J.: 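One structure, pasted below without further comment.
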Amino acid sequence: MGQARVTSSGEDPRVTELRTAVSRLRRELAGHPAEFPDRGIAEDELAALDEMAISGAPEIPRLRRSLLLIAGAIGSVSALASALRDVRVAVDLFGEPPRG
């Protein structure tokens, strides 16, 4: 992969997209009235994604692991599907982890 582009603010636009998507899903999850067994896992992994994005250089394998855990935790909650999709798209912007 080539070098990442940087916005005028100095932030990689992929990081900006990830932070925006994570923030939206966190807000929607917080406002969702139903409790479900793995809600805490989703909240913890969203916090981890946010921390990785704040660091500015998230590790692709860790991003994908968090995404899988979040999807597994809230995948059946249809009201959160759109926001979850946005997080997946943002993670995909970072590309595939190296194979080897």
Side-chain angles (χ1 to χ4, degrees):
M1 290 207 108
Q3 291 184 335
R5 294 182 316 219
V6 177
T7 63
S8 60
S9 67
E11 187 172 75
D12 181 338
R14 299 173 304 172
V15 170
T16 303
E17 188 73 24
L18 179 61
R19 292 193 71 200
T20 300
V22 166
S23 178
R24 175 182 172 210
L25 183 52
R26 287 177 94 176
R27 280 191 317 272
E28 289 189 18
L29 181 58
H32 190 66
E35 284 299 321
F36 45 93
D38 295 331
R39 185 181 192 124
I41 292 169
E43 290 169 344
D44 290 347
E45 290 304 318
L46 284 166
L49 279 177
D50 195 42
E51 284 297 317
M52 284 186 272
I54 288 170
S55 78
E59 297 175 25
I60 296 169
R62 180 66 175 107
L63 286 174
R64 294 202 171 280
R65 179 181 176 274
S66 288
L67 177 61
L68 286 172
L69 289 169
I70 294 165
I74 65 173
S76 64
V77 182
S78 61
L80 302 173
S82 177
L84 177 59
R85 183 181 55 250
D86 290 349
V87 171
R88 182 190 55 80
V89 168
V91 167
D92 286 345
L93 292 173
F94 289 89
E96 291 293 321
R99 296 180 186 239

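What you see is a predicted model, and the numbers here were worked out from it, not measured in a lab.
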J.: Can you list everything that forms a salt bridge (Lys or Arg N to Asp or Glu O under 4.0 Å) with Asp44? Sequence neighbours excluded, please.
T.: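 Asp44: no salt bridge (Lys or Arg N to Asp or Glu O under 4.0 Å) contacts found.
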J.: What's in the same ILVMFWY side-chain cluster as Val89, cut-off under 4.5 Å, chained through other members?
T.: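 Direct or chained contacts put Val89 with none.
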J.: What distance do Leu25 atom CG and Ser82 atom OG have between them, rounded to the nearest 0.5 Å?
T.: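 Rounded to the nearest 0.5 Å, the CG-OG separation comes to 10.0 Å.
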J.: What distance do Ile70 atom CD1 and Leu46 atom CG have between them, rounded to the nearest 0.5 Å?
T.: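 Separation between the atoms: 4.0 Å.
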J.: Using the salt bridge (Lys or Arg N to Asp or Glu O under 4.0 Å) criterion, which residues pair with Arg88? Sequence neighbours excluded.
T.: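 Testing Arg88 for salt bridge (Lys or Arg N to Asp or Glu O under 4.0 Å), a comparison that skips the adjacent residues, returns Asp92.
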J.: Table please: side-chain donor-acceptor pairs of residues 73-81 below 3.5 Å, with sequence neighbours left out.
T.:
none

J.: Mind checking side chain to side chain contact (heavy atoms under 4.5 Å, CB included) for Ile54 and listing every partner two or more places apart, or none if nothing turns up?
T.: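 Only Arg19, Asp50, Glu51 meet the side chain to side chain contact (heavy atoms under 4.5 Å, CB included) criterion with Ile54.
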J.: So how far is it from Leu49 CG to Leu67 CG, rounded to the nearest 0.5 Å?
T.: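 If I round to the nearest 0.5 Å, the distance is 7.5 Å.
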J.: Might you point out which heavy atoms bring Val15 and Pro58 nearest each other, and give the distance in Å?
T.: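 Taking every non-hydrogen atom into account, CG2-CD, 4.3 Å.
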J.: Test of understanding: with side chain to side chain donor-acceptor pair (under 3.5 Å), list the residues that count as partners of Arg65, not counting sequence neighbours.
T.: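 Checked Arg65 against side chain to side chain donor-acceptor pair (under 3.5 Å); zero matches.
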J.: With sequence neighbours excluded, tell me which residues meet side chain to side chain donor-acceptor pair (under 3.5 Å) with Glu28.
T.: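 Side chain to side chain donor-acceptor pair (under 3.5 Å) list for Glu28, sorted by chain: Arg24.
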J.: What are the two closest heavy atoms between Met52 and Ser55, and how far apart are they?
T.: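 Between these two residues, the closest heavy atoms are O-OG, 2.6 Å.
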J.: Can you give me the closest heavy-atom contact between Ile60 and Gly95, atom names plus distance?
T.: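 For Ile60 and Gly95, the tightest heavy-atom pair comes out as CG2-O, 3.5 Å.
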J.: Quick one: CG on Leu69 to CD on Glu45, what's the gap to the nearest 0.5 Å?
T.: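 The CD atom of Glu45 is 4.5 Å from CG of Leu69, to the nearest 0.5 Å.
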J.: Just jot down the side chain to side chain contact (heavy atoms under 4.5 Å, CB included) partners of Glu43, sequence neighbours excluded, or say none.
T.: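 Once residues adjacent in sequence are excluded, the partners of Glu43 under the side chain to side chain contact (heavy atoms under 4.5 Å, CB included) criterion are Leu29, Arg39.
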